[in-house]
Amino acid sequence: GVEAGRWGCKALANGKGLAVVHAVREGERWACELETVLDAPQSTVASHLRKLRDAGIVATRKEGKWTYYRIADTASLQLLDLAGALGEDR
């Protein structure tokens with residue numbers, strides 16, 4: 001509902017949150033990969049991943065001691081693409 005929408009907007013309001021979404025857009029990545037891709041410390045990446053997971057934008061899968069992240073719902077990507085297209089029109 002509306003509350004989930006607010007969480008999603010907060011999770012994506014920061015450039016790192018968007019960068020995480022773009023990094024997992026093409027497929028599953030594990031947390032250490034995201035630290036490298038984002039050039040950010042583990043604590044920063046973990047914070048953004050937690051916000052994105054809480055907002056329902058990314059989902060996780062555990063395999064042994066590793067946690068893998070992926071897009072939870074492709075509707076999130078469609079909204080991002082729409083927002084990007086609207087931003088380009090300005």
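By convention here, the first residue in the shown sequence is residue 1.
What you find for I71 and R25 is that their closest heavy atoms are CG1-CA, 4.1 Å. Nearest heavy atom pair, residue G56 against residue A72, reads O-CB, 3.3 Å.
In this structure, CZ in R61 is found 10.0 Å from OG1 in T67, a value given to the nearest 0.5 Å. Rounding to the nearest 0.5 angstrom, the gap separating the CZ atom in R50 from the CG atom in D54 is 7.5 Å. Atom CD of E63 sits about 8.0 Å away from atom CD of E28, to the nearest 0.5 Å.
Using a 4.5 Å cut-off on side-chain heavy atoms (C-beta onward), R70 and V24 make no contact.
A cation-pi contact, defined as under 6.0 Å to the ring centre and within 45° of the axis, is absent between R29 and Y69.
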Would you be so kind as to tabulate the donor-acceptor pairs closer than 3.5 Å made by side chains of residues 32-47, with sequence neighbours excluded?
unit_1 : atom_1 : unit_2 : atom_2 : d
E33    : OE1    : W30    : N      : 2.9
E33    : OE1    : W30    : NE1    : 3.3
T36    : OG1    : C32    : O      : 3.4

